[in-house]
Q: 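My questions all concern the structure below.
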Amino acid sequence: MNSAASPRPGRRLHRPDWAGRNYSLLTAAAFVTNLGSHGALIAAAFAVLENGGDGGDVGLVAGARTLPLVLFLLIGGAVADRVPRHRVMVAANALNCVSQGLFALLVLAGEPQLWQMMLLTALGGTGQAFFSPAAEGMLMSSVSGEQVSRAFAVFRMAMQGAAVGGAALGGAMVAALGPGWVLAADAAAFAVAGAMRSFLDVSHIPPREAGGGLLADLREGWQEFIGRPWLWGIVVQFSIANAVVGAADAVYGPLVARDHLGGAGPWGLALGFFGAGTVAGALLMTRWKPRRLLLAGTLCVFPLALPSAALAVPVPIGVLCAVMFLTGVTLEVFGVSWMTALHQEIPENKLSRVSAYDWFGSVALMPLATALAGPAEEAFGRTEALWGCAVSIFTVTALVLLVPDVRRLRRRTKEVMAGPPVEAANGSADAERPVGGLG
């Protein structure tokens, strides 16, 4: 036997220094939840349509999810900087599991009422409001060193890779089995991911010192947020961009797919190509480290206007898939650059609160946009509404480049990239050791 053909006894596979236990668990759990949620987005829209709803009803259900997300995000961020973040994440996953499971039962039982679907999606949005700031803070505190961009890129590659299978499989399952079974699969995914996140190791983390209360925490997070023009400038940009993209994806996309592309299957395929593009973009970012983080990232947001324009035409499904793939690649360049900038510039004990303001601004207009998508279609026409989405995205992206810090913020050299800024007072609920066991 050739000894070189097999590993030596007792030898274990070596993980990169930045891929510690908590990071690995977070990445695996994100893969599972994204696999389910991308199919569930399609299933929810077609559940409404198959039960007699129209574009306005699809927008109301989508808006019902984002409204509590907006209302509770800031509270969720403050809680996640006070309570161990993994506990917040597990509780939120449990709520999402229950809400999606009940949604699935209603759809499978037949003829769910619009108000019931809105209520259950609102519960899911509440869970996400507490989960998202905690998850982002937990991830950022689990990596450090000069390889943080690579760690974020690999995390996002796994997360977005789930979109490829989740969207394509979800669309196929909706077409073959109906939306109820896809919603049930999403509930199961939340249960599995919550169980995985319960094993996150925070035993070495010192408890946070008592602070000045929830409102004081929110004010402190706001001061951190508003004092950085690059931060609030890009959040304002995405407040508008995410609103119109949400309307296009949640309302107009399924309608265009139903009328011109052949239904849920082709639309799921197009979303799957977007996911494939994000995987390719994340893979690119494991190698490419642009020096001017936010300039490179913002320039790559312009293609986000292309899918709305493609749906406005509408283009054949093959062209739409190509557009979605390109958009995914370029948007992921922004995503990794943005996470790296936050990790580099924001003190660790304020990450969840700043993340909450980031999320709040980014989704604040989404309930209004999705709720008004149907009336806008009736007033102006679907084609005109989609062209308006494309022009809005292009305009706000151009405007944010006028902020000097967006153009000038640079990646730190390795000598000063030991980790996110840390303030000694009031340490985070889980200010984890740098990956690799240092510190």
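Because the structure is predicted, anything quoted here is derived from the model rather than measured.
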Q: A side-chain contact here means heavy atoms from C-beta on lying under 4.5 Å apart; do Asp249 and Trp267 qualify?
A: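 The answer is yes, as the side chains (C-beta and beyond) meet within the 4.5 Å cut-off.
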
Q: Are there more than 12 heavy atoms of other residues, nucleotides or ligands under 6.0 Å from atom CZ of Arg87?
A: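 Result for CZ/Arg87: open.
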
Q: As a quick check of understanding, evaluate side-chain contact (heavy atoms from CB on, under 4.5 Å) for Phe131 and Arg197, giving each step before the final call.
A: CA-CA 12 Å; Phe131 174 84; Arg197 287 165 176 140; 3.5 Å; yes

Q: Do we see a donor-acceptor contact under 3.5 Å between the side chains of Thr340 and Ser149?
A: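 Yes - a donor-acceptor pair under 3.5 Å links their side chains.
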
Q: From Leu386 CG over to Leu255 CG, what is the distance, rounded to the nearest 0.5 angstrom?
A: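 Between atom CG of Leu386 and atom CG of Leu255 there are 9.5 Å.
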
Q: Can you tell if the side chain of Leu26 reaches within under 4.5 Å of the side chain of Ser142, non-hydrogen atoms only?
A: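 A side-chain contact under 4.5 Å exists here.
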
Q: Look up atom CZ in Arg65 and atom CG in Leu41, then write down how far apart they are to the nearest 0.5 Å.
A: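 Reported value, rounded in 0.5 Å steps: 7.5 Å.
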
Q: Output the distance between atom CG (Leu342) and atom CG (Leu351), rounded to the nearest 0.5 Å.
A: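 Atom-to-atom, Leu342:CG and Leu351:CG are 7.5 Å apart.
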
Q: For Thr327 and Pro303, which heavy atoms make the closest approach, and how far apart are they?
A: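 Closest pair (atom of Thr327, atom of Pro303, distance): OG1-O, 3.3 Å.
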
Q: Counting distance only, does the side-chain N/O of Ser239 pair as donor-acceptor with the main-chain N or O of Val235 below 3.5 Å?
A: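 Such a contact is absent between Ser239 side chain and Val235 backbone.
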
Q: Within the side chain of Asn242, is there an N or O that forms a donor-acceptor pair under 3.5 Å with the backbone of Ser362?
A: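 Between the backbone of Ser362 and the side chain of Asn242 there is a qualifying donor-acceptor contact (under 3.5 Å).
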
Q: Answer yes or no: is there a donor N or O on one side and an acceptor on the other, between the side chain of Tyr23 and the main chain of Phe155, under 3.5 Å?
A: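 Such a contact is found between Tyr23 side chain and Phe155 backbone.
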
Q: Is the closest basic N to carboxylate O distance between Arg353 and Glu224 below 4.0 Å?
A: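 Judged by the 4.0 Å cut-off on N to carboxylate O distance, Arg353 and Glu224 do not form a salt bridge.
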
Q: Just wondering, do Leu320 and Leu261 contact through their side chains at under 4.5 Å, heavy atoms?
A: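 Side chain of Leu261 against side chain of Leu320, heavy atoms only: contact under 4.5 Å found.
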
Q: Quick check: do Val301 and Thr330 have side-chain heavy atoms less than 4.5 Å from each other?
A: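 Val301 vs Thr330: side chains apart.
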
Q: Would you find a donor on one side and an acceptor on the other, under 3.5 Å apart, between the side chain of Asn96 and the backbone of Gly124?
A: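 Yes, because the side chain of Asn96 sits within donor-acceptor range (under 3.5 Å) of the backbone of Gly124.
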
Q: Are Thr278 and Val329 close enough, and set up right, to give a side-chain contact (heavy atoms from CB on, under 4.5 Å), and what steps lead you there?
A: CA-CA 5 Å; Thr278 61; Val329 172; over 6 Å; no

Q: Find out whether Leu284 and Val333 are in side-chain contact, i.e. whether some heavy atom of one side chain is under 4.5 Å from a heavy atom of the other.
A: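 SC-SC contact between Leu284 and Val333 confirmed.
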
Q: From Glu345 CD over to Asp405 CG, what is the distance, rounded to the nearest 0.5 angstrom?
A: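 The CG atom of Asp405 is 9.0 Å from CD of Glu345, to the nearest 0.5 Å.
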
Q: Please name all residues satisfying salt bridge (charged side-chain N to carboxylate O under 4.0 Å, His left out) with Arg156, sequence neighbours left out, ordered by chain then number.
A: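 Result, salt bridge (charged side-chain N to carboxylate O under 4.0 Å, His left out) vs Arg156: Glu332.
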
Q: Return the CG to CZ distance between Leu299 and Arg292, rounded to the nearest 0.5 Å.
A: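 Result: 11.0 Å between the selected atoms.
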
Q: Are any of the side-chain heavy atoms of Val70 and Trp359 separated by less than 4.5 Å?
A: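 Of all side-chain heavy-atom pairs linking Trp359 with Val70, none is under 4.5 Å.
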
Q: Using a distance-only test with no angle check, is there a side-chain donor-acceptor pair under 3.5 angstrom linking Ser337 and Arg411?
A: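 No donor-acceptor contact under 3.5 Å links the two side chains.
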
Q: Would you say the side-chain atoms of Gln128 pair up with the backbone N or O of Leu73, donor to acceptor, closer than 3.5 Å?
A: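 A pair under 3.5 Å: no.
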
Q: Okay, side chain of Tyr357, backbone of Gly77: is any donor-acceptor separation there less than 3.5 Å?
A: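 Here the side-chain-to-backbone pair does not exist.
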
Q: Please report the shortest heavy-atom distance between Pro179 and Val107, naming the atom on each side.
A: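 Taking Pro179 first and Val107 second, the nearest heavy atoms are CG-CG1, 4.0 Å.
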
Q: Keeping the roles fixed (side chain from Ser198, backbone from Ala195), state whether a donor-acceptor pair exists under 3.5 Å.
A: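 Checking the backbone N and O of Ala195 against the side chain of Ser198, a donor-acceptor pair under 3.5 Å is found.
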
Q: Could you walk me through whether Phe152 and Met140 satisfy the side-chain contact (heavy atoms from CB on, under 4.5 Å) test, starting with their C-alpha distance in whole Å, then the side-chain angles of each, then the deciding distance to 0.1 Å, before giving a yes or no?
A: CA-CA 8 Å; Phe152 292 144; Met140 290 189 180; 4.0 Å; yes

Q: Closer than 3.5 angstrom, by distance alone: can the side chain of Asp186 be matched with the main-chain N or O of Ser37 as a donor-acceptor pair?
A: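 Between the backbone of Ser37 and the side chain of Asp186 there is a qualifying donor-acceptor contact (under 3.5 Å).
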
Q: Shortest non-hydrogen contact from Gly101 to Ala187?
A: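 Scanning both residues completely, I find the closest heavy atoms to be N-CB, 3.5 Å.
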
Q: Of the non-hydrogen atoms in Pro254 and Ala45, which two are nearest, and what is the gap between them?
A: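 Looking at all heavy atoms of both residues, the shortest contact is CG-CB, 4.0 Å.
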
Q: With a 4.0 Å cut-off, would you call Arg82 and Asp217 a salt bridge?
A: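 Yes, charged N to carboxylate O under 4.0 Å.
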
Q: So, using salt bridge (charged side-chain N to carboxylate O under 4.0 Å, His left out) as the criterion, who are the partners of Glu136 when residues are at least two apart?
A: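 Not a single residue meets the salt bridge (charged side-chain N to carboxylate O under 4.0 Å, His left out) criterion with Glu136.
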
Q: Which atom names give the shortest non-hydrogen contact between Gly36 and Ala189, and what distance separates them?
A: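 Shortest heavy-atom contact: CA-CB, 4.3 Å.
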
Q: If we only count heavy atoms from C-beta on, is the Leu200 to Met138 side-chain gap below 4.5 Å?
A: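 In contact.
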
Q: Using ring-ring contact (aromatic ring centres under 6.0 Å, His included) as the criterion, point out the one residue from Trp338, Trp232, Phe334 that pairs with Phe238.
A: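 Passing option: Phe334.
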
Q: Roughly how far, to the nearest 0.5 Å, is CG of Leu326 from CG of Leu306?
A: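 Rounded to the nearest 0.5 Å, the CG-CG separation comes out at 6.5 Å.
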
Q: Using the side-chain contact (heavy atoms from CB on, under 4.5 Å) rule, take Leu293 and Arg410 through it: C-alpha gap first, then chi angles, then the decisive distance, then the call.
A: CA-CA 6 Å; Leu293 286 166; Arg410 293 177 180 270; over 6 Å; no

Q: Determine the minimum heavy-atom distance between Asp358 and Phe225, stating which atoms define it.
A: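 Shortest heavy-atom separation between Asp358 and Phe225 comes out as N-CE1, 4.4 Å.
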
Q: Does any part of the side chain of Leu106, heavy atoms only, come nearer than 4.5 Å to the side chain of Leu120, both counted from C-beta?
A: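 They are in side-chain contact.
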
